[in-house]
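Inspection log for the structure reproduced underneath, given as structure tokens.
Within every chain, numbering begins at 1; the chains are lettered A, B, ... in the order of the sequence lines, protein sequences first and strands thereafter.
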2 protein chains.
Amino acid sequence: MTKTAMPGFSPCNNATLRRAARKLGRFYDDVISPSGLKGTQYGLLYQIYVSNEPAMGTIAEAMVMDLSALGHTLKPLIRDGYVEAFADKDDRRVKRVRLTRQGLAKLDEATKLWSIAQQRFEAMVGKQRAADLRAMLDEVAALDYEAPAAALPG
Amino acid sequence: MTKTAMPGFSPCNNATLRRAARKLGRFYDDVISPSGLKGTQYGLLYQIYVSNEPAMGTIAEAMVMDLSALGHTLKPLIRDGYVEAFADKDDRRVKRVRLTRQGLAKLDEATKLWSIAQQRFEAMVGKQRAADLRAMLDEVAALDYEAPAAALPG
DNA sequence: CCACGAAAGTGGCATATGCCACTAATTGGA
DNA sequence: TCCAATTAGTGGCATATGCCACTTTCGTGG
């Protein structure tokens, strides 16, 4: 018993990943909160910003997120006037989104705060280790979890 | 442009972590779903199982989760009869929980499925790399994100 | 040109998480 | 002993995410 008893380590990759996500999420949220945005919302605004008036499906794919979930998450941002949606010219099924002037300003504001969180985190774990971690995570997010073709008998 | 355009890489550690969590979460959820449990619920049952009739606060700490969030997450499991709560003998503020007979059976059932997900994942990224990843994530979850003592003038 | 199946979103429902304001029970002094 | 500060949970409210059932559009083989 060193001090506060180590956290409940688990052999489950999923549980461990979620645990870390909760902790890191709260940290980024705290630092970014003065802007009124949550870390996830900041990430979404950023993704829209770096894309070219992306279709919702495009964003969902880039963020490895369910399309309907993206729709839900987008609502408060549209409601608050940071994002606006419009129909694609050629395919009326497609809905594209972009940042409004306010959204752009808010992104700027939040980016300053995000930088602080990012720097604080990387100062703690090390820039290189953070990069390594992201690489691992990107790999996990890109994996193809198809059923291992469990012997489909001819 | 190799094939499907790499996912929207982001320099944000938080966004990257969440993205991976979404993807891995869906994978574990899919595999575990025949039991009727979500991956998170499985993790919670497991945590309760390996603890000794833990107090809610104890679980919350181990899982690096907000106490009220834990309370919410616990509700469906109590409703479905997998977990039962009871007041601590010495401190009536404390609420302890334990698995019911059904909860134990469900945990057993789900563990078989979990093993499949766990093995499939580790077969893809490698057992050692998975262990390394968990180690990094445990470290992230254990970090002390206190304000960097930003010069509190005497 | 029309019926069909695929593609893109929407809405409803349920869980996952957090924060905040409260309530109840304890613990520490004065 | 009695009240103030602390501790443990609860409930309400809001966002984060997913799945499923639809609805609207497209794209196509007839």
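- Base contact: A:S68 has a heavy atom under 4.0 Å from a base atom.
- We find that CZ of A:R19 is positioned 16 Å from P of C:dA16, with the value rounded to whole Å.
- Side-chain N or O atoms of B:S35 include none that pairs as donor or acceptor with a backbone N or O of B:L113 at under 3.5 Å.
- When the side-chain nitrogen and oxygen atoms of B:R22 are compared with OP1 and OP2 of D:dT17, one or more of them lie within a distance under 4.0 Å.
- Using the six-membered ring where Trp is involved, A:W114 and A:Y42 have ring planes that are parallel, under 30° apart on the 30 and 60° scheme.
- For the pair A:L70 CG and D:dA16 P, the interatomic distance rounds to 11 Å; values are reported in whole Å.
- Mapped onto DNA chain C by nearest heavy atom, A:R18 and A:R96 fall at different nucleotides, with A:R96 at the one closer to the 5' end.
- Along DNA chain D, the nucleotide nearest B:V94 and the nucleotide nearest A:L74 are compared for position; the residue whose nucleotide lies closer to the 5' end is B:V94.
- At distances below 3.5 Å, not a single donor-acceptor pair connects side-chain atoms of A:S10 with backbone N or O atoms of A:T16.
- Cation-pi geometry between B:R120 and B:F27 is not satisfied (NZ or CZ under 6.0 Å from the ring centre, within 45° of the ring normal).
- In this structure, the CD1 atom of B:I59 is 13 Å from the C1' atom of D:dG9, given to the nearest Å.
- Between B:Q41 and B:K89, it is B:Q41 whose nearest contact on DNA chain C lies nearer the 5' terminus.
- When rounded to the nearest whole Å, the span between OH of A:Y28 and C1' of D:dA16 equals 18 Å.
- B:H72 contributes a side-chain N or O that forms a donor-acceptor pair with the base of C:dG18 under 3.5 Å.
- Here D:dT10 is the nucleotide among C:dA25, D:dT10, D:dT25 with the atom lying nearest to any side-chain atom of B:K95.
- The closest donor-acceptor contact from the side chain of A:K23 to the backbone of B:L143 lies under 3.5 Å.
- Rounding to whole angstrom units, CG of residue B:L44 and C1' of C:dT15 are separated by 12 Å.
- Between B:K75 and the phosphate of D:dT10, there is no side-chain N or O to OP1/OP2 separation shorter than 4.0 Å.
- As judged by a 4.0 angstrom heavy-atom cut-off over every strand, A:G71 is placed among residues making no nucleic acid contact.
- The side chain of B:R26 places an N or O atom within less than 4.0 Å of a non-bridging phosphate oxygen (OP1 or OP2) of D:dG18.
- Judged by distance alone with a 3.5 Å cut-off, a donor-acceptor contact links the side chain of B:R93 to the base of D:dT7.
- The number of heavy atoms from other shown groups lying within 6.0 Å of CZ (A:R79) is above 12.
- Separating the CD1 atom of A:I32 from the P atom of C:dG18 is a distance of 16 Å, rounded to the nearest angstrom.
- For A:D88 and D:dT24, the CG to P distance is 19 Å, given to the nearest whole Å.
- Base contact: A:D66 has a heavy atom under 4.0 Å from a base atom.
- Straight-line distance from the OH atom of B:Y82 to the P atom of C:dT15: 12 Å, rounded to whole Å.
- Heavy-atom distances to DNA chain D give each of B:D30 and A:T73 a nearest nucleotide, and the one nearer the 5′ end belongs to A:T73.
- Distance from the side chain of A:M56 is smallest to C:dG9 among D:dA16, C:dT17, C:dG9.
- At C:dT27, none of the side-chain N or O atoms of B:R92 fall inside 4.0 Å of OP1 or OP2 (strictly under the cut-off).
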